[in-house]
Amino acid sequence: MSDIVQAPPIAAGREDRQVKLVKMASFGAGEKSTVAISVATALAILLLWWLVSALGVVPHLFLPRPDEVLTQIGAIYRDGYAGASLSEHVFASLFRIVVAALIAVSAGIPLGLLMGLNRWAKGVLDAPIEFYWPLPPLSYLPLMIIWLGIGETSKITLLVLAMFAPICLSAQAGVRSLPIERVNAARSLGASRLQLFVDIVLPSALPEILTGIRIALGVGWGTLVAAELIASTRGIGFMIMSASQFLATDVVFVGIGIIAICAFTFSAAIRFLEAFLVPWKGKL
């Protein structure tokens with residue numbers, strides 16, 4: 001009877017390996033905040049402005065010092081300008097651009113979505129929008145005066161026309177950029193037309209729509225000065241143009257600063273909406 005020899009167990013000798021997570025390299029601007037860089041750039045621009053004006057590189061009549069502009073803000077706040085207080089000028093401009101923006105958004109988004117979903121709507125609306133969109137607002141400003149007079153209607157209409165096209169075209173682009181795979185997947189799961197629009201089309205187009213609104217607001221503030229040229233006695237644009245006729249450069253700088261602050265506030269509000277409504281933007 002042969003002996004059965006049992007072999008000793010073989011030690012594996014394996015070492016525990018610790019799993020290491022590798023962070024993917026960022027692309028583009030990255031995820032780090034740029035606030036410090038922006039603040040430093042703003043301070044550098046202010047310092048350069050002060051040096052150029054203080055050293056007399058540019059005549060004082062054309063470039064006042066920053067502290068003189070701040071002093072002028074206080075004077076306008078106390079005494080007003082051109083027969084109206086500073087709050088009246090700001091409120092007049094805000095009223096015009098807010099009303100025009102609401103009209104442009106309420107008309108531009110539905111028509112843009114319709115153009116993206118229906119070929120007949122795109123064929124009918126695309127030609128007139130593409131025809132007037134490249135035109136500067138000043139080119140059809142005389143028509144606004146002839147057709148609508150010199151009241152608030154002509155000013156608001158001019159702003160609506162300036163802001164409508166980018167909102168409408170952005171909504172259309174958002175629909176047309178929708179991946180067909182999402183639509184087919186929703187259809188295979190039995191989604192109705194309404195569910196397809198609410199749950200797939202609209203969320204996919206929303207980032208483009210919000211970007212279009214931001215662009216439209218920038219165009220609107222740029223058009224505001226031209227709109228307030230129409231026999232206006234109130235508004236930031238009117239204040240700037242009136243001051244330029246008397247070479248009151250410090251008042252012009254005050255008006256430009258107010259417009260910049262208002263435009264930045266509107267843009268920040270849209271960015272907040274983007275972070276709240278489309279948190280996945282740029283992450284997919």
Side-chain angles (χ1 to χ4, degrees), residues 28-29 31 93-137 156-187 191-224 227 259-260 262-284:
E31 300 177 356
S93 295
L94 288 177
F95 172 78
R96 290 162 186 153
I97 199 163
V98 168
V99 171
L102 291 176
I103 296 174
V105 167
S106 61
I109 293 177
L111 289 178
L113 294 175
L114 184 62
M115 290 173 64
L117 294 171
N118 188 282
R119 60 186 293 267
W120 284 96
K122 176 176 172 55
V124 171
L125 298 174
D126 192 58
I129 292 176
E130 292 290 349
F131 173 77
Y132 95 87
W133 161 234
L135 298 176
I156 293 176
T157 302
L158 185 69
L159 291 172
V160 169
L161 290 175
M163 290 190 282
F164 169 79
I167 295 175
C168 182
L169 295 178
S170 296
Q172 176 192 353
V175 175
R176 297 180 67 85
S177 63
L178 172 63
I180 193 63
E181 293 82 4
R182 296 183 189 176
V183 178
N184 292 333
R187 285 173 174 171
S192 63
R193 287 182 176 270
L194 180 61
Q195 291 174 327
L196 189 65
F197 176 78
V198 173
D199 297 331
I200 303 297
V201 176
L202 191 57
S204 299
L206 197 54
E208 293 283 351
I209 292 173
L210 292 174
T211 300
I213 293 175
R214 284 182 58 197
I215 296 173
L217 287 172
V219 175
W221 281 108
T223 310
L224 182 66
I259 289 180
C262 293
F264 178 81
T265 303
F266 277 59
S267 180
I270 299 299
R271 288 179 182 272
F272 176 78
L273 282 178
E274 284 183 349
F276 178 73
L277 296 176
V278 286
W280 64 85
K281 182 180 179 181
K283 299 179 182 179
L284 297 179

Worksheet, complete the sentence: So CD of Gln172 and CG of Leu117: to nearest 0.5 Å the spacing works out to 10.0 Å
Worksheet item: Passes side-chain contact (heavy atoms from CB on, under 4.5 Å), Val175 versus Phe197? Steps please.
Response: CA-CA 10 Å; Val175 175; Phe197 176 78; over 6 Å; no
Worksheet item: Which atom names give the shortest non-hydrogen contact between Ala107 and Pro110, and what distance separates them?
Response: O-CD, 3.6 Å
Discussion item. Testing the basics here: between Ala186 and Leu196, what is the closest heavy-atom pair and its distance to 0.1 Å?
Written reply: CB-CD1, 3.6 Å
Worksheet item: Rounded to the nearest 0.5 Å, how far does CD1 of Ile167 lie from CG of Leu111?
Response: 11.0 Å
What donor-acceptor contacts under 3.5 angstrom involve side-chain atoms of residues 201-216, with partners at least two apart or in another chain?
unit_1: Ser204; atom_1: OG; unit_2: Arg182; atom_2: NH1; d: 3.0
unit_1: Ser204; atom_1: OG; unit_2: Ile200; atom_2: O; d: 2.8
unit_1: Thr211; atom_1: OG1; unit_2: Pro207; atom_2: O; d: 3.0
unit_1: Thr211; atom_1: OG1; unit_2: Lys281; atom_2: NZ; d: 3.1

Response to the item:
Residue set satisfying salt bridge (Lys or Arg N to Asp or Glu O under 4.0 Å) with Asp126, at least two apart, ordered chain then number -> Lys122
Item to complete: Please tell me if the side chains of Glu130 and Leu169 come closer than 4.5 Å, counting only heavy atoms from C-beta onward.
Response: yes
Worksheet item: Which of these, Leu113, Ile129, Leu114, sits in a side-chain contact (heavy atoms from CB on, under 4.5 Å) with Cys168?
Response: Ile129
Discussion item. Just so I know, are the side chains of Val219 and Phe164 near enough to count as touching, which here means a heavy-atom distance under 4.5 Å?
Written reply: no
Worksheet item: Which pair of heavy atoms, one from Ile97 and one from Leu217, lies closest together, and at what distance?
Response: CD1-O, 4.5 Å
Worksheet item: Considering all heavy atoms of both residues, which atom of Asn118 and which atom of Ala121 are nearest to each other, and what is their separation?
Response: OD1-N, 3.0 Å
Fill in: CZ on Phe272 to CG on Leu277, rounded to 0.5 Å
9.0 Å
Item to complete: Please name the pair of heavy atoms, one in Ala171 and one in Ile109, separated by the smallest distance, quoted to 0.1 Å.
Response: CB-O, 4.0 Å
Item to complete: Grab the two heavy atoms, one from Val98 and one from Phe266, that are nearest each other, plus how far apart they are.
Response: CG2-CZ, 3.9 Å
